[in-house]
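All remarks here apply to the structure that follows.
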Number of protein chains: 2
Amino acid sequence: MILKAAETVFAEAGFGGATMQLIADMAGLPKANLHYYFATKEALYRAVVERIFRIWLTAANVMDDAAGPAEGIGAYIDAKLEISRRHANGSKVWASEVMHGAPVIQDYLETTLRDWTAGRAAVIRRWIAEGKMAEVNPEHLLYMLWASTQHYADFGHQIEVLNGGPLSEADWTAAKASVKEIILRGIGALPPS
Amino acid sequence: MILKAAETVFAEAGFGGATMQLIADMAGLPKANLHYYFATKEALYRAVVERIFRIWLTAANVMDDAAGPAEGIGAYIDAKLEISRRHANGSKVWASEVMHGAPVIQDYLETTLRDWTAGRAAVIRRWIAEGKMAEVNPEHLLYMLWASTQHYADFGHQIEVLNGGPLSEADWTAAKASVKEIILRGIGALPPS
DNA sequence: CCTCAACCTGACCATACGGTCAGAAAAAGA
DNA sequence: TCTTTTTCTGACCGTATGGTCAGGTTGAGG
């Protein structure tokens, strides 16, 4: 799987640090063959980023058919942390792309992501109006959800060092519980303990 | 200022994408002169990263002499968001470094950062024991603090696109208020609204 | 068995990059 | 002023990289 190999190399070395030779080696085929499927390094990179963005958006729909914030946002946190765990490399490539000014997926940000964000912000506003949660700024809440979940992928190395090794099953469970507990209580969607 | 120029270029292009020529141009001196002050690209990069780490640690001390979590963690959030605003490039370079496995500052993670983290986790545990906040996992709380504050620097581009332009003074104030409100209420350090 | 298109590959090329170096300016001492 | 040390610079070099290309291999259709 070329895309898988490319994702790994791009995540580990960044776009500039990645070489077609490295990707080819990891995918187990000669470099020239890569150029048969992807004309340029940028084309391959774009394919990787778009693949991640799709996963990202798909998983985001768990928030849709939820009765209230505790259920909807809770499920969203679980889903995003699961992505951080299963697709850590993808998350890193995405983070890298955005950090460098989104040279490749600027249009996605301005269309798909902007629409998605506006939609979910509206849902949150509705929940607030229905008295199901505190009056928090929906956009900043969304940023916080993204930040605290993706952090486990993007800064996974740092977390592993501080944790003294890779996160165990129990560690991941604790992470999910902690993030959900703090945020849900923080937005007044949980009874205060 | 060479370090300033290097920080900008490394932040915008990543280590692999940055070139000594670009940094030299931005600093306004010939490339060969860069190599007079910094023998290799890696040496320059290391200097940039270490500079950021110092800022990062220094600002972290606001949490020290605080009576309780509302005050201490609140001040820490303010300080870290201020860093995200004033040193966005530095934050990006740090994020990039960690994301790629911390090839240069691995030792810092294992010594200074690990010690700092353990110390602050102890403070949080004390606050919990004193009944000043809810029983949350201190480590995961710290990760959440880092994530939700640094996000405004590392993903600043994405936020600006969604915001329809750079964050205004009021936007930054709202960001600080939102993050503090949700987290402080989330850890039971604020009266529930 | 032949044809043709899709798939694959070793060898090659132009370029851009990190780094070097001999020596010029400039500054600091005497 | 002369000497020495530090700072600076244009020109240059070896290498690694993205990309090309002519030709080989494979396999489905007839």
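Since we're looking at a predicted model, the values are computed, not measured. Chain naming here is simple, since letters A, B, ... match the order of the sequence lines and numbering starts at 1 in each.
Atom P of nucleotide D:dT26 and atom CG of A:Asn33 are separated by 14 Å, given to the nearest angstrom. Spacing between atom CG of A:Leu22 and atom P of D:dT17 amounts to 8 Å, rounded to whole angstrom units. Residue A:Asp25 contributes atom CG, which lies 14 Å from atom P of D:dA16 at whole-angstrom precision. The separation between B:Phe38 atom CZ and C:dC17 atom C1' is 19 Å, rounded to whole Å. Between B:Lys41 atom NZ and C:dA16 atom C1' there is a gap of 12 Å when expressed in whole angstrom units. Put simply, CD1 on B:Ile23 is 11 Å from C1' on C:dG18, counting in whole angstrom units. When the P atom of C:dG19 is taken as reference, atom NE2 of B:His35 falls 5 Å away, rounded to whole Å.
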With a cut-off of 3.5 Å and sequence neighbours excluded, list every side-chain donor-acceptor pair involving residues 61-76 of chain A.
unit_1, atom_1, unit_2, atom_2, d
A:Asn61, ND2, A:Thr58, O, 3.4
A:Asp64, OD1, A:Arg120, NH1, 2.7
A:Glu71, OE1, A:Ala67, N, 3.4
A:Tyr76, OH, A:Trp146, NE1, 3.0

Table please: side-chain donor-acceptor pairs of residues 94-103 of chain A below 3.5 Å, with sequence neighbours left out.
unit_1, atom_1, unit_2, atom_2, d
A:Glu97, OE1, A:Tyr45, OH, 2.7
A:Glu97, OE2, A:Val104, N, 2.7
A:Glu97, OE2, A:Ile105, N, 3.1
A:His100, ND1, A:Ser96, O, 3.1

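Evaluation of the salt bridge (Lys or Arg N to Asp or Glu O under 4.0 Å) rule for A:Glu169 yields A:Arg85 as partners, not counting sequence neighbours. Looking at residues two or more places apart in sequence or on another chain, you find a salt bridge (Lys or Arg N to Asp or Glu O under 4.0 Å) between B:Lys132 and B:Glu130. Remark: B:Leu167 engages B:Tyr152, B:Ile159, B:Asn163, B:Asp171, B:Trp172 in a side-chain contact (heavy atoms from CB on, under 4.5 Å) (not counting sequence neighbours). Partners of A:Thr111 according to the side-chain contact (heavy atoms from CB on, under 4.5 Å) rule, which considers only residues two or more places apart in sequence or in another chain, do not exist here.
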Under 3.5 Å between N/O atoms: give me all the protein pairs with nucleotides 11-13 of chain C, atom names plus distance.
none

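Of all the residues in residues 11-21 of chain A, A:Ala18, A:Thr19, A:Met20 reach under 4.0 Å from DNA chain D with at least one non-hydrogen atom.
In this structure, A:Ile83 shares a hydrophobic cluster with A:Ile55, the cluster being traced through Ile, Leu, Val, Met, Phe, Trp and Tyr side chains under 4.5 angstrom apart.
A salt bridge does not link A:Lys92 with A:Glu7: none of the charged nitrogens is closer than 4.0 Å to a carboxylate oxygen.
B:Leu81 approaches B:Ser148 most closely through the heavy-atom pair CD2-O, 4.5 Å.
The listed nucleotides are C:dC7, C:dG19, C:dT9; the one nearest the side chain of A:Tyr36 is C:dC7. Nearest nucleotide to the B:Pro30 side chain, out of D:dG18, C:dT9, D:dT9: D:dT9. Which of C:dG18, D:dT9, D:dG18 sits closest to the side chain of B:Leu29 comes down to D:dT9.
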